[in-house]
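Here the structure is laid out as structure tokens; the discussion comes afterwards.
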There are 2 protein chains.
Amino acid sequence: MIKLTPTARVILGFLQLGARTGYDIKQQADVSTRFFWGASYGQIYPELRRLTDAGLVRPTSQPRGGLARTEYTITARGRKALHDWLRKPPGPLLFEYRDEALLRLFFGDLLSPEEVAVNLRQAREEFEHDAARFRELQAQGLPSGYPAAALRYGIELMEWIAAWYRDAERRLAAGDLAEDQASS
Amino acid sequence: MIKLTPTARVILGFLQLGARTGYDIKQQADVSTRFFWGASYGQIYPELRRLTDAGLVRPTSQPRGGLARTEYTITARGRKALHDWLRKPPGPLLFEYRDEALLRLFFGDLLSPEEVAVNLRQAREEFEHDAARFRELQAQGLPSGYPAAALRYGIELMEWIAAWYRDAERRLAAGDLAEDQASS
DNA sequence: CAATGCATGTAATAGGTTACATGATTTC
DNA sequence: GAAATCATGTAACCTATTACATGCATTG
């Protein structure tokens, strides 16, 4: 079974969903998978070349007037590799979570409770802001089906996190955050 | 204001909380910040050298018998840099989220509903498993205070995600996942 | 005709993991 | 005396972002 690099997965997926150029893939990813799976030009173009060499995509020159343009289509091999990964990815599912706000909370003992409170509020506001941005995307009504479900996940996740911080602020003020006992 | 690299933040934080050696930092991070802020030897040791050169930490040779050992203490400059970052990080708070399960859901149109259902179940089970692992850590009663709050965050996040996938399974079976309308 | 959008691409840099190598000490 | 733990470190590799460079086409 062919192993796809992280970026190859998005590329093949978007190609099969109708994307044509590298530019196109980037635009679509930016308004959909971005928050849980990004892709930059610095990854996309070199990867498209590797996928071409591996026979998973096929490029065709499709200039628009004098504007050089390369359209890619997914090959049978590419479709198979994509489908294989969609059903049984090699290795455990990749999940990465990195959160500076949480790290600052973790080191809360090095700050005064007031300073921690400021940090919690700031984190909450950022996540609220993110949730609002996602809600706008949703209101524009663009996605439907599975992409809509993923967007919904993003909104609800951001709102859950914001709510968690809101609750942490409350607990801090009530004096039972830093003294938390492991609840049984 | 001194800019700390991502790894420098964890290192300085753990040093101020009492860690002594590079090995020590790694052990402590592995059972606490790991899920939202990891650190590997390949990062820690070179970074300790850079921090030494920058005057943020001070190494002292403290062999245990014939075992070479270097204990690090944070300097006044180091404490200031850490405290500055804890209160006002340069730039927006770093937040990274990467989720292969969600990407597979996003491309659900390329699979049959049955295959999507299998993926959802698999994802849910993985997150349930993670939650259980965190719960064990918590049951061992090791952390208290802010570290305990961060662990609690981890448990509740994993459980929230698992619940989201459980609900997605239900909606898929009911036929209103892939046909989702943007709810107003 | 200026600004924006379409389109491709590279170089520098950053940040990170994994695997390996080495060797002492402690515990069973 | 074998296995696990303490301890340090590096080399190879992977993945990714940012900034830059280039130039055509479209829209106001």
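Order of the sequence lines sets the chain letters (A, B, ...), proteins ahead of strands, with each chain counted from 1.
- Here B:R64 does not reach the OP1 or OP2 of D:dC6: none of its side-chain N or O atoms lies under 4.0 Å away.
- No contact: B:P63 has no heavy atom under 4.0 Å from any strand.
- Remark: P of D:dT8 and CD of B:Q62 are 11 Å apart, rounded to the nearest angstrom.
- Side-chain proximity of A:L67 to the nucleotides D:dG23, D:dC6, C:dT18 is greatest for D:dG23.
- Ring pair A:Y41/A:Y23 is parallel by interplanar angle, where below 30° counts as parallel and above 60° as perpendicular.
- Atom C1' of nucleotide D:dT18 and atom NZ of A:K26 are separated by 11 Å, given to the nearest angstrom.
- Partner of A:L56 under the side-chain contact (heavy atoms from CB on, under 4.5 Å) criterion, out of A:I74, A:I11, A:I2: A:I2 alone.
- Counting only heavy atoms from C-beta on, B:P46 has its side chain closest to D:dT10 among C:dA7, D:dT10, D:dT18.
- Along DNA chain D, the nucleotide closest to A:T7 and the one closest to B:Y72 are compared, and the more 5′ of them pairs with B:Y72.
- In this entry the distance linking CD1 of B:I25 with C1' of D:dC6 reads 15 Å, nearest Å.
- Between B:Y153 and B:F35, the two ring planes are parallel [angle under 30°; tilted spans 30° to 60°].
- The NZ atom of B:K3 sits 13 Å away from the C1' atom of C:dT13 (whole-angstrom rounding).
- In the set C:dT8, D:dA7, D:dA25, C:dT8 carries the atom at the smallest distance from any side-chain atom of A:Y23.
- Across D:dT8, C:dT25, C:dG16, the shortest atom-to-atom separation from the side chain of B:Y45 is found for D:dT8.
- Spacing between atom CZ of A:R50 and atom P of D:dC14 amounts to 10 Å, rounded to whole angstrom units.
- Note: CD (B:E71) to P (D:dC6) measures 15 Å, nearest angstrom.
- D:dT26 atom P lies 11 Å from atom CZ of A:R69, rounded to whole Å.
- Across all strands, A:R20 comes closer than 4.0 Å to no nucleic acid atom at all (heavy-atom distances).
- The aromatic rings of A:F95 and B:Y97 lie perpendicular to each other, with more than 60° between the two planes, well past the 30° mark.
- For A:Y41, counting side-chain heavy atoms from C-beta on, the closest listed nucleotide (D:dT15, D:dT17, C:dG9) is C:dG9.
- For the pair B:T21 and A:Q43, both in contact range of DNA chain D, the more 5′-proximal nearest nucleotide belongs to B:T21.
- Considering only heavy atoms from C-beta on, B:L120 stays 4.5 Å or farther from B:R124 through its side chain.
- Side-chain N/O atoms of B:R98 include none lying less than 4.0 angstrom from OP1 or OP2 on D:dT15.
- We find that CD of A:E47 is positioned 10 Å from C1' of D:dT15, with the value rounded to whole Å.
- Within the nucleic acid shown, A:G42 comes within 4.0 Å of at least one base atom, counting heavy atoms only.
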